[in-house]
Trainee: 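Please find one structure pasted underneath; my questions will follow.
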Amino acid sequence: MQVIETLAEGLKREIKVVIPAKDMQDKMNERLADVKDKVRINGFRPGKVPAAHLKKVYGKSIMADLVNEIVREQPAAILSSRGEKSATQPEIAMTEDKDEADKILAAEQDFEFTLSYEVLPPIELKSVKGIKVTREVIDISDDEVNEQVLKVAESARAYETKTGKAADGDRITMDYVGKVDGEAFEGGTDQGAELVLGSGRFIPGFEDQLVGVKAGAEKTITVTFPADYPAKNLAGKEATFDVTVKDVAAPAAVEINDELASKLGIESADRLKEIVRGQIESQYGSLTRQKLKRQILDQLDEMYKFETPNSLVDAEYNGIWSQVNNDLAQSGKTFEDEDTTEEKAREEYKTLAERRVRLGLVLSEIGEKAGVEVSEDEMQRAIYDQLRQYPGQEKQILEFFRSQPGAAASIRAPIFEEKVIDHLLTEIDVTDKKVTKEELLAEEEGEAKAETKKAAPKKKAAAKAEAADAGEGEEAAPKKKAAPKKKAADESAE
């Protein structure tokens, strides 16, 4: 077998592989000898079939199998012998001429094919001792815990039916039908909907017009959808809602006690506070981790400058760009609405894609040299977390992970990356800094605004792409229905 390098430009490689016809014929003859005693052909005793007849009957199919085996197995062997790693699966090209293909299968012509690929760039790791980061930490006050516990209590607040007029804070149960220009619109109808007046959950002006109603009342409410409402057919339009009030209920007093905890399935009020404190600490800890990780990645980005494989950058860019366009379509906005142009956005997202690929390669190299591994238990926990997000589809998801190697890799990659960050935190200079809640959140808001301005036709798209460097992994916003209730319109108008 001859291996000839025909292209070596930057990271691009092209390899021509030639296997002489004689070698192919020798391999075919070996296979024919193996099947000689196994085949049954009418007119011949077992093991007595002439070689020429065996070749006539089975030659082409055996050669086809040989060709498939070679193109499946040799690329990896060739790259290994060259000491190279391909950025993506090498592209394999072979003749498409039928006559030439027939000659190859008949072992009358050399078998040739070409490998085209990009190599992963060599990365010479640098010392990380000079990396200095600040880990912002805050103390969780009892007041903040109590405030969050109170919100939990209010969400579980009981309501008691009353006969008087509805006031702010009362809960109304109602049926309604929304109309624009006298025609009911999709998503604008509901039955048994519950609304706490004054909660701000509905379209501005909707709740105000229900103050003073009684159970059994029928009322037509007129409101105007916000100009930036996601559903273009409703944005800025006046709508009416025919409302039938089914019940008016007053809120019961909220008390944080063991009885409340019991209603929530928790043994005591003290335990409820412990749980809430843990949740707050986890939320702030996640934010601290994101900012800490970003500091590390920013400094690694300054330390490493090398050519990145176009195939990886293009794949990363296409994923980001697809998300951006999905979010734009969902919001009904354009690049101009966000003070940018498509051309500028493309350039900036391409730069972002290059950064992410380069940092991914650096982290991979650091992790490999440090012996970082993802255990089977960690993989199982991650897959289980995926299953919990899609109840009823567990079998399909498990089958997907079993049948698609890339799916498992997509689960392993973020775990591996976080473990590399953990490793780096043991090697670099980390200084803890006490900050207030307001300082922690205010700084994060500033970073988010900078990211949005940098390359963001929509924050959720930009944040998902840019903040993925820091491990935020924000999911795209789900589509919202065009209804006036919390599960629809008010979420869209946030």
Side-chain angles (χ1 to χ4, degrees), residues 10-11 85-89 118-126 128 131 133 286 289-327 340 342 344-369 372 374 382 406-407 409-425 444 447-476:
L11 301 179
K85 292 183 180 179
S86 176
T88 57
Q89 190 70 18
E118 285 184 292
V119 296
L120 291 177
I123 300 174
E124 184 177 344
L125 292 183
K126 303 176 182 180
V128 297
I131 295 180
V133 296
S286 176
R289 169 82 175 194
Q290 291 166 13
K291 297 176 73 173
L292 189 65
K293 182 177 178 181
R294 180 170 287 124
Q295 293 177 63
I296 294 173
L297 295 181
D298 285 346
Q299 292 180 64
L300 288 175
D301 188 37
E302 290 297 322
M303 291 170 61
Y304 291 93
K305 301 296 181 183
F306 53 82
E307 183 182 1
T308 51
N310 288 330
S311 53
L312 294 181
V313 173
D314 289 344
E316 186 69 34
Y317 167 78
N318 289 337
I320 297 172
W321 192 247
S322 175
Q323 183 63 56
V324 169
N325 282 282
N326 286 341
D327 283 350
T340 188
E342 179 174 343
K344 289 181 180 178
R346 282 184 180 276
E347 290 176 1
E348 292 173 340
Y349 281 124
K350 192 63 175 285
T351 300
L352 175 58
E354 290 172 354
R355 166 190 160 100
R356 291 177 65 178
V357 168
R358 184 170 58 255
L359 288 174
L361 294 174
V362 170
L363 291 176
S364 178
E365 188 72 13
I366 292 173
E368 184 176 332
K369 291 293 191 296
V372 174
V374 177
S410 69
I411 294 291
R412 180 178 284 103
I415 301 174
F416 177 84
E417 182 171 303
E418 290 306 315
K419 295 187 75 169
V420 175
I421 294 298
D422 288 336
H423 165 73
L424 286 172
L425 288 172
E444 181 63 10
E447 289 176 4
K449 288 178 181 178
E451 289 164 8
T452 305
K453 183 177 181 181
K454 178 181 177 183
K458 189 173 189 289
K459 182 180 184 301
K460 281 186 180 280
K464 177 173 182 178
E466 177 73 13
D469 285 343
E472 293 180 11
E474 181 182 10
E475 293 300 325

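None of the values given here were measured: they were computed from a predicted structure.
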Trainee: How long is the straight-line distance from CD of Glu348 back to OG1 of Thr340, given to the nearest 0.5 Å?
Mentor: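 If I round to the nearest 0.5 Å, the distance is 5.5 Å.
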Trainee: Under the rule for side chain to side chain donor-acceptor pair (under 3.5 Å), what residues qualify as partners of Glu342, not counting sequence neighbours?
Mentor: Arg346
Trainee: Is Pro309 close to Thr88 at the side-chain level, that is, under 4.5 Å between some pair of heavy atoms?
Mentor: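 Result no, sub-4.5 Å side-chain heavy-atom pair not found.
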Trainee: So do Leu361 and Leu120 actually touch side chain to side chain, heavy atoms under 4.5 Å?
Mentor: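 Yes, their side chains come closer than 4.5 Å.
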Trainee: Check side chain to side chain donor-acceptor pair (under 3.5 Å) between Lys419 and all other residues, then give those that pass, not counting sequence neighbours.
Mentor: Glu378
Trainee: So, do Ile366 and Val372 sit near enough that their side-chain heavy atoms are less than 4.5 Å apart?
Mentor: no
Trainee: Checking Ser410 side chain against Ala407 main chain: does a donor-acceptor pair fall under 3.5 Å?
Mentor: yes
Trainee: Holding to side-chain contact (heavy atoms from CB on, under 4.5 Å), I want the full list of residues that pass it with Ala315, two or more places apart in sequence or in another chain.
Mentor: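 Partners of Ala315 by the side-chain contact (heavy atoms from CB on, under 4.5 Å) criterion come out as none, since no residue qualifies.
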Trainee: Using side chain to side chain contact (heavy atoms under 4.5 Å, CB included) as the criterion, point out the one residue from Gln299, Lys291, Arg294 that pairs with Val133.
Mentor: Gln299
Trainee: Glu417 vs Arg412, test: salt bridge (Lys or Arg N to Asp or Glu O under 4.0 Å). Steps then yes/no.
Mentor: CA-CA 9 Å; Glu417 182 171 303; Arg412 180 178 284 103; over 6 Å; no
Trainee: So, for Lys126 and Met303, which heavy atoms are closest and what is the spacing to 0.1 Å?
Mentor: NZ-O, 2.5 Å
Trainee: Would you name the heavy atoms of Leu312 and Ala87 that are closest together and state the gap between them?
Mentor: CD2-O, 3.6 Å
Trainee: Are Leu363 and Leu300 side-chain neighbours, meaning at least one heavy-atom pair lies under 4.5 Å?
Mentor: yes
Trainee: The criterion is ring-ring contact (aromatic ring centres under 6.0 Å, His included); which residues satisfy it with Tyr317, sequence neighbours excluded?
Mentor: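 ring-ring contact (aromatic ring centres under 6.0 Å, His included) check on Tyr317 returns Trp321.
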Trainee: Between Arg355 and Asp298, is there a salt bridge with N-O shorter than 4.0 Å?
Mentor: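 Yes, charged N to carboxylate O under 4.0 Å.
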Trainee: For a quick test of reading the model, state the closest non-hydrogen atom pair linking Ile123 to Val362 and the distance between them.
Mentor: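 Nearest pair, atom of Ile123 first, then Val362: CD1-N, 4.1 Å.
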Trainee: Side chain to side chain donor-acceptor pair (under 3.5 Å) with Glu316: which residues, sequence neighbours excluded?
Mentor: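 With neighbours one apart ignored, the set is Arg356.
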Trainee: Can you tell if the side chain of Leu292 reaches within under 4.5 Å of the side chain of Ile421, non-hydrogen atoms only?
Mentor: no
Trainee: What closest approach, in Å, do Gly367 and Val420 show between heavy atoms, and which atom pair accounts for it?
Mentor: CA-CG2, 3.7 Å
Trainee: Considering residues at least two apart in sequence or located in another chain, which fulfil the salt bridge (Lys or Arg N to Asp or Glu O under 4.0 Å) criterion with Glu368?
Mentor: Lys85
Trainee: Can you confirm whether the side chains of Glu347 and Thr351 place a donor and an acceptor under 3.5 Å from each other?
Mentor: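 No donor-acceptor contact under 3.5 Å links the two side chains.
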Trainee: Not counting sequence neighbours, which residues clear salt bridge (Lys or Arg N to Asp or Glu O under 4.0 Å) with Glu365? List them please.
Mentor: Lys369
Trainee: Please find the pair of heavy atoms, one from Leu359 and one from Leu297, that lie closest to each other, and give the distance.
Mentor: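 Closest approach of Leu359 to Leu297, heavy atoms only: CD2-O, 3.7 Å.
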Trainee: If you look only at pairs with a residue in residues 303-315, which of them pass as a side-chain hydrogen bond (donor to acceptor under 3.5 Å, both in side chains), with sequence neighbours excluded?
Mentor: Glu118-Ser311
Trainee: Please report the closest heavy-atom contact between Ile411 and Ala382, naming both atoms and the distance.
Mentor: CG2-CB, 3.4 Å
